[in-house]
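Read the structure below first, then the notes.
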Amino acid sequence: MQHKEEILLFLLVTQLILQSLAVISLENGGYKNIVVAIHKDVPEDEKLLMNLKELFTKASSYLNTTTNGQAYFKELIIAIPSTWENKPQYENVLKNYFSSADVRIDRPNPYHGNDPYTLQPGGCGEHGQYIHITPHFVKELRGVTADNYGPAERHIVHEWAHLRYGVFDEYGLPGDSNYPAFYLENGKIVPTSCIHGITGWIEAFDGGPCSISADGAVSEDCRFIPNIQNEDAKASVMYLPYIPSITGFCDHTAERLHNARAPTKHNTLCWNQPTWTVITRHSDFSKRTKRAVYIVTKPIFRLVRTQKGTGGRYVLVLDVSGSMGGEPIKLLHRAARRFIEDRVPDGDQLGIVAFGSKAEVLHNLTRISNITRSQLSKALPTRDSGGSTAIGQGLIKAVMVLKSQGELAEGGLIILITDGEENVKPLIHKILPLLVKEKVVVNAIAFGSDASAKLEPLTKATGGKGFFFADIRGKRQTNALDSAFLDSVTSQADLEFQPVQIADETIKLTSPITYKKIDLDKELGKNTVFTFTSKDIKNVDVVLKSPNGQIFNSSSSEYTKDTLNKLRIEIKLSESESGSWTVIIRRSGSTGVAVSNSVISEPKDPRIQPVRVRSWLSDVQLHYPAHAKVYAEVKKGYDAVVGAKVKAVIDRPLGSPVEVFLKDNGAGPDVSENDGIYSGFFTQFNGNGRYAVVANVINDGDAKLKIGSKASGALAVTKLKNLKDLEKKNATSTFRTSEFVLTNKTEKPAEPKGKPADVFERVSNAGAFRLDSFKANNEDIIPPSRVSDLSVLSSYELADKKFVTLKWTSPGDDLDVGNATSIDLRASVVAEDLLERFTELESFNKTSVVEGNLTPAPPGEVQVLSVEVPKIVWQKWNNSWQHIDVYFALRAVDDNNNEGNVSNIASGHFGKLQFPSYPVVMVKEAGITDWLPYIIGIGVAFLIAVILIFMLTIVYCKRRKSYKPAT
Ligand SMILES: *[C@@H]1O[C@H](CO)[C@@H](O)[C@H](O)[C@H]1NC(C)=O
Ligand SMILES: *[C@@H]1O[C@H](CO)[C@@H](O)[C@H](O)[C@H]1NC(C)=O
Ligand SMILES: *[C@@H]1O[C@H](CO)[C@@H](O)[C@H](O)[C@H]1NC(C)=O
Ligand SMILES: *[C@@H]1O[C@H](CO)[C@@H](O)[C@H](O)[C@H]1NC(C)=O
């Protein structure tokens, strides 16, 4: 059993180290191709560029220091927007860098203000999406920024570690119930930090003393102010990197000894491993054999500027080998024609390459206009060439097409569509270095289930995306190709101008008339296109009714129907009303007809952004046993949309698609609650091959718009308000409860939910992943997911017994699907025991349960459990004068005895806390009557004493608002 657990952990880890940001490369310890892009609305400012160079030069040196000379920034691309004047020192490039940049220089996300932060939706060891820095932060580098943040470059290294290595923050936040700013250890209050022993002072926001409640919870307005004069604090970059003496990450050395007990996000999500352990497991470090020490860490900066009027540049690379003969080539031709004639925006450039036994340029790169559209679509191949499959040659030709007008290939997108295995040299892996060097992105559409397994390495290495068109014989959705084309075009446009996809679905016309509602939100309405495709399009007619009752039908000028080549009806409205549209689809003839309907629209005013959905997969190559993670980000600008219904539909190699609901609840795969990023596991594999994933998002009335969105941020420097009084006190690393003022515990105000969001619906294509090594008819080998939000609601003593109430979000049988069978809860006074020898500890059984159940609740539900802590756990540590901390962790077990990974560690505290006014006995806060029968059993003298305490408690509880567990 222990063995199985190790295998699972191993699987998890190997999966993680295979991952890295695609396009950043590491050469001899130096990172290259890091893109720092300035948003086009940031006003032109030479100082910004100068300061960026200074910032990253210093950050490179600090990265070298903190990685013991193993890594630095070697080459950075600073991408200047087209809105800035051209300068001779800028390289002009036909590429929009911003939306794929590693570092974004953009106006603030309201949640974080000028604090740098990293969007880090993945789990431990998984890379983040981008670092966001504000222009103000950079421009004020030596001014306000230095005052507020200390050495700014250290925050860059902090963010870089989030982005590249997937480590998390090692500080707590005031008022955060999962990751509080202070915690109790041995009866002392300890500031949450990665190492013990960082000294400093505490004070309330107003400069007064901090307060504390009777159970040791420090009030929200209390802050720890580290003594930055102290030279002893050597770690950690993930804590408060501005402390001057910090030179690295936490590890196992005496100087930087990791504190596995602190309730940090890092400990919770990374199995209480030191940050340095997680970092060295990353392939950037683990794969290296020799350790180099760099003499120079100064990076080279490449200043590139996006040329004015830069649109997308695409080359279609189409498979016309023998296997494409018949229906497949017809399908491809029709979809490519719709793409060229209906979809590619005016001004973008397109070229066409076809390959069979050899590759051929069918059309050079051409700017799209109403004249060239038809020329290009005429060049599309209509028949297969009968030959073999020369994918590599096709890719080389595509790069040549991109470079043919003396331009760089950089910024070009190759859209490769193939149905088979390559069998003509040069092979894909030989071409890969060329593609990476030329910085072209390859999106690959696997056409049918026999398409080459080499597509995923290709898309991954070039930063592209993979798609899957499942059934080339036309049994399933025909819109998958259109969707892949649309997603490719969209990715090339400026973020604010990208069209929004409102609907994309296949409707079976079971009756002669089918009605459908489409909600168009008020920010949208420019270039709205309703498209209906069907192989029986001649038997289909469509009428649209606008919210005000205006009718669009076959006699409208906006309506076109092509029953010959494109097999589609299109209604294109340059301006359209917002509100509820009615789509009426009429079918003539009696046979069942399926119609694919897609609706896209653009924002009326790019300054007022609509809700946008972006979806992606944690990985594109999986080896069974495995799980996939699907993410969808729902935001309006930087504002998070919470409470939306998000569903991923996964098309599998066999049978019907499955649906997975994605959640933003901070449990299971979702690492941050209410940040607008919804996550879900997928485990229902049914064969080797590709799985295509599409996310559907709707607001059915519950969605709320928050101001800004929370991510992994850096903390500004906290300074003492009350200098005079406090500096007289010696700085310490732990605080006696007697230094605090005792207050009633205030019920934490619920996090503001935000204002109601308008009704909307969205579709986003997450792309496809490939699974291999699948074993059919397998027994259940997928364990429940790991609990990462275990917390102690209250701990209390009665007579000589200790009790604790625990809370967590319930996992499922297979990760978060189905009901798990049992909860394996264990405890120790030594936190490390739970990490190192969990299975050797005594498991809690039914007899310990006071309230609640050791049987898991349905997945996603919050479970509360009160248990007596068995004497064996704490007895030998018990002294009347001593405080005892008891640590808890659990795992769920399924019906096939698969054990989930061990949860985060939560702690309960027992013993008297000393307060200045009077000593307070820790008391249970609710449900004390449950214990009446037990209490009665105790001797009479003792009984009287207990009743006295009991009455006091009632009085006390009445005075304090009883604490309700949040749900
Ligand atoms: C990089 O770090 C190594 C190890 O800490 C150190 O010996 C070297 O001097 C550093 N290089 C620079 C340029 O700071
Ligand atoms: C594409 O351009 C190249 C050189 O500019 C030319 O030799 C070739 O014939 C063109 N190909 C097509 C299909 O127009
Ligand atoms: C192409 O567009 C121009 C200007 O937008 C228009 O004058 C012309 O008639 C269009 N040509 C065709 C063939 O549609
Ligand atoms: C501060 O520390 C010094 C040296 O350890 C000690 O002599 C002094 O009494 C301490 N002051 C207070 C207020 O604790």
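Just follow the structure's listing: the first ligand is 1, and inside any ligand the first atom is 1. Atoms considered below: every heavy atom in the structure, side chains included; atoms not considered: hydrogens, waters and symmetry mates.
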**Prompt:** Starting from atom 11 (N) of ligand 2, which protein heavy atom do you reach first, and at what distance in Å?
**Reply:** N364 ND2, 3.1 Å
**Request:** State whether any protein heavy atom lies less than 4.0 Å from atom 1 (C) of ligand 2.
**Result:** yes
**Prompt:** Taking N or O atoms only and a 3.5 Å limit, does T297 qualify as a polar contact for ligand 1?
**Reply:** no
**Fill in**
ligand 1 to N64, heavy atom cutoff 4.0 Å, flagged ligand atoms 1 (C), 2 (O), 3 (C), 8 (C), 10 (C), 11 (N), 12 (C), 14 (O)
**Asked** Which heavy atom of A451 sits nearest a heavy atom of T418, and at what distance?
**Response** CB-O, 3.5 Å
**Asked** Is the shortest distance from a Lys or Arg side-chain nitrogen in K95 or E410 to a carboxylate oxygen in the other one below 4.0 Å?
**Response** no
**Asked** Which ligand 2 atoms are under 4.0 Å away from a heavy-atom of V361?
**Response** 13 (C)
**Fill in**
Residue set satisfying salt bridge (charged side-chain N to carboxylate O under 4.0 Å, His left out) with E231, at least two apart, ordered chain then number -> none
**Message:** Strictly inside 4.0 angstrom of atom 14 (O) of ligand 2, do you find any protein heavy atom?
**Reply:** yes
**Message:** Suppose we screen for side-chain hydrogen bond (donor to acceptor under 3.5 Å, both in side chains). Which residues come up paired with S60, at least two apart in sequence or across chains?
**Reply:** none
**Item:** Residue K139 excluded, over 12 heavy atoms near NZ under 6.0 Å
**Value:** yes
